[in-house]
Protein chains: 2
Amino acid sequence: MLTDRQLLILQVIIDDFIRSGQPVGSRTLSKKHQISFSSATIRNEMADLEELGYIEKTHISSGRVPSEKGYRYYVDHLLPPQRLTRTDIQKIRSVFAERIYELEKLVQKSAQILSDLTNYTSIALGPAFKESKLKRMQIIPLTEQTAVAIVVTDTGHVENRVITVPTTVNAGDLEKMVNILNERLNGVPLIDLKEKIETEVADVLRRHIRNYDSILNTLIDTLDIPEEEKMFFAGKTNMFNQPEFSDIQKVRPLLNIIEQEKDIYRLLRKQSQKGVRVSIGRENELSGMENCSLITATYSIGDEPFGTIAILGPTRMEYSRVITVLNRVATDLSAALTKWYQNQ
Amino acid sequence: MLTDRQLLILQVIIDDFIRSGQPVGSRTLSKKHQISFSSATIRNEMADLEELGYIEKTHISSGRVPSEKGYRYYVDHLLPPQRLTRTDIQKIRSVFAERIYELEKLVQKSAQILSDLTNYTSIALGPAFKESKLKRMQIIPLTEQTAVAIVVTDTGHVENRVITVPTTVNAGDLEKMVNILNERLNGVPLIDLKEKIETEVADVLRRHIRNYDSILNTLIDTLDIPEEEKMFFAGKTNMFNQPEFSDIQKVRPLLNIIEQEKDIYRLLRKQSQKGVRVSIGRENELSGMENCSLITATYSIGDEPFGTIAILGPTRMEYSRVITVLNRVATDLSAALTKWYQNQ
DNA sequence: TTTAGCACTCGAATTGTTTGAGTGCTAACA
DNA sequence: TGTTAGCACTCAAACAATTCGAGTGCTAAA
């Protein structure tokens, strides 16, 4: 549909705009070494590109800036190849080289390195608790009516909450019950716990434990673990490095979104399909993110998708570099996790 | 040293400036109902106040703004009395009315309500771990070489970390040891744990446990709990509501301080004396906070100081209101905690 | 001691002008 | 027929000049 020349011009416009942040005019373009025709010719092509919706003017006699459609085409078809520098690769590698015992730390560090390398805001989501498996649960009485319930997963994650224990339940029974559960439920994915208890363990419990019902209620509380994955942010204020975000009034909504975290969480959850995904501007369907792009990638253990890492930046983002970095970190993180898991 | 009239003028200047953010001129002042003398008189007084260092001009023919010295005097001697509205009081009360099981949640909610009521950034530093006492420890093996060490305190707080277990240590011994420790150390303040173990428990352990040394090393790891109190922020971006912080370039350093958190942590630690304390501008001795004031208050359980809550805002802060709110929240929080503790 | 009055200052807002980078269109050229 | 040179036009941004108003300090009179 677009001629080769139009593609070339579109690509150079977007490359230049990403670099400079300034609208690109025909004369500027004609001086580029990739381009060998006159500014008048370029003007004609630009008029066509604009009519097709790939670029826009900021005002009637201004140069052109990419439209969302333009960025979309660019990301899908025109990305200039990008290679990481040796230093970048080493920085990434060094993050995963240290021995780390807690899986979450690894994810958190990934977020950190992403924002360090790109200067954008980065987010790491993961691992979903429902994926991880029960290692041990424990109920530790605090007062007569309260206790701390602790669940340890095979990933080394510890989840805890304070629960109320009805006075009708006695401590010994509670302990016995926990013991039975630990024997039977080791290695069961957290998400299956409740079901498993009902189908397989309920009978045993009923036989061994007096006062079965109230204890079970207590237990249900315990297992009602927040399903939400932990989310790690890094470089939350990096947005302010971008000139397009220098007016505080205009970034306010975006700031709120980042501070709240929950909208971002939803966005990330939506895009859990494998591989790298790019959402440009209003594709995010979130008011306040009109001028942002979100690039996500999944990481996995073996073949099992595990979590998501992402970069949030302006629509005028260095897509090529970000995608390359994100890919690399996702790969290295996946490898580290896979290795980590094999040692389990 | 200052005449009554000078005090009046100083107070009205600062009140007005806090409200409007604009330099205050003699004519504006003379129109206030509190003030019954002419603008010329005021000009003379203002010249004196300026010479004494309580107010400054922004340029040669501008109105006056308070200097740090001025704010300091205002805070120490001129605060207009302030009463909370019924709604405010109720909002605060409602936070502490719900039954809450985890002490930390209570502290976190205090931070939230502080920033809601004042529109500034608020910070709650809360209970120092070293203050809290051991309820139970637990070591849960993860793999052959790793385990999760869990420490539960009497406040319902759970601290955990993954540790390495030398292969020379066998699981049974580890468990035996943990049992002994739990028997002997219940209720011991975390900060005294190590000492207590050496003086009182070491002998017992040596008698009962083979391979005493390597296990002890493992244990030391476990007990090496981060000493830092948890810090809760609320309204991190509220700074941007202030017109004096509308230029992103100038807030950059402040933003970094808030995002890093650790500088703030240090500031809060410094000021752990009882009661409300106000640090104005450069009194904070932290570059980036020249235009900020930090107001801190301590909360306590019974008579024992327990933690700190604070408000961070521009030097042009509503001191009177903030101090009143902070006081109220500190009191209510202390009361709630004291009650909470009595139920223990 | 207080105040009215006056000359002066300076920031902010308003207006006009210039500059430069851009446009579209047309006509000439290969 | 596609390309290009040239021209008239547009607009934002930068700059200078002007005005306006809120402020000052100082002096002299009440």
Side-chain angles (χ1 to χ4, degrees), chain A residues 2-10 12-17 19-67 70 243-244 246-247 250, chain B residues 2-10 12-17 19-67 70 243-244 246-247 250:
Chain A
L2 293 177
T3 66
D4 281 356
R5 198 165 68 185
Q6 285 174 325
L7 290 183
L8 175 62
I9 289 177
L10 180 57
V12 177
I13 288 176
I14 301 187
D15 281 342
D16 192 77
F17 181 69
R19 196 183 42 73
S20 72
Q22 296 301 316
V24 189
S26 56
R27 231 180 88 76
T28 323
L29 280 185
S30 73
K31 274 184 279 183
K32 301 246 162 195
H33 69 277
Q34 298 121 307
I35 285 182
S36 52
F37 22 89
S38 80
S39 62
T41 311
I42 294 170
R43 280 201 287 284
N44 291 331
E45 297 286 26
M46 282 167 99
D48 291 349
L49 282 172
E50 182 172 11
E51 199 166 2
L52 292 168
Y54 292 100
I55 54 182
E56 325 175 313
K57 292 190 245 190
T58 58
H59 60 85
I60 191 140
S61 73
S62 75
R64 308 303 212 289
V65 300
S67 66
E244 48 263 72
S246 65
D247 178 0
K250 286 183 188 149
Chain B
L2 293 177
T3 67
D4 281 356
R5 197 165 68 185
Q6 285 175 324
L7 289 184
L8 176 62
I9 290 178
L10 180 57
V12 177
I13 289 178
I14 301 188
D15 280 343
D16 192 78
F17 182 70
R19 198 184 41 73
S20 72
Q22 297 300 317
V24 189
S26 56
R27 230 180 86 77
T28 323
L29 279 185
S30 71
K31 274 183 283 183
K32 302 245 161 198
H33 70 275
Q34 300 120 305
I35 285 181
S36 53
F37 20 90
S38 80
S39 61
T41 312
I42 295 170
R43 281 202 285 284
N44 291 330
E45 297 286 26
M46 282 167 99
D48 292 348
L49 282 171
E50 182 171 10
E51 198 166 2
L52 293 168
Y54 292 100
I55 52 180
E56 323 174 315
K57 292 190 244 188
T58 59
H59 61 86
I60 190 140
S61 73
S62 76
R64 308 301 213 287
V65 300
S67 67
E244 48 262 72
S246 65
D247 179 359
K250 286 183 188 147

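Chain naming here is simple, since letters A, B, ... match the order of the sequence lines and numbering starts at 1 in each. Fair warning: this is a prediction, and the values are worked out from it, not measured in the lab.
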Within 6.0 Å of CD in B:Glu51, more than 12 heavy atoms from elsewhere: no
Nucleotide-resolved protein contact map, nucleotides 20-30 of chain C, B/S/- at heavy-atom distance under 4.0 Å: --BBB------
Heavy-atom closest contact (B:Ser26 atom, B:Ser39 atom, distance): CB-O, 3.6 Å
Straight-line distance of B:Arg5 CZ to B:Ile35 CD1, nearest 0.5 Å: 10.0 Å
Distance in angstrom units between B:Gln22 CD and C:dG11 C1', rounded: 11 Å
Length of the NZ-C1' vector between B:Lys31 and D:dG21, whole Å: 11 Å
B:Ile42 CD1 to D:dA22 P, straight-line distance once rounded to whole Å: 16 Å
Side chain to side chain donor-acceptor pair (under 3.5 Å) partners of B:Thr28, counting only residues at least two apart: none
Heavy-atom side-chain proximity of A:Leu10 to A:Ile14 below 4.5 angstrom: yes
Spacing of B:Thr3 atom OG1 and B:Leu49 atom CG [to the nearest 0.5 Å]: 8.0 Å
Whole angstrom value for the distance that separates C1' of D:dG2 from CZ of A:Phe37: 13 Å
Non-hydrogen side-chain atoms of B:Tyr54 and B:Leu2 separated by less than 4.5 Å: yes
Beyond-backbone contact of B:Arg64 with B:Val24, side-chain heavy atoms, under 4.5 angstrom: no
Between N or O atoms, less than 3.5 Å apart, protein on one side and nucleotides 12-15 of chain C on the other: list the pairs.
none

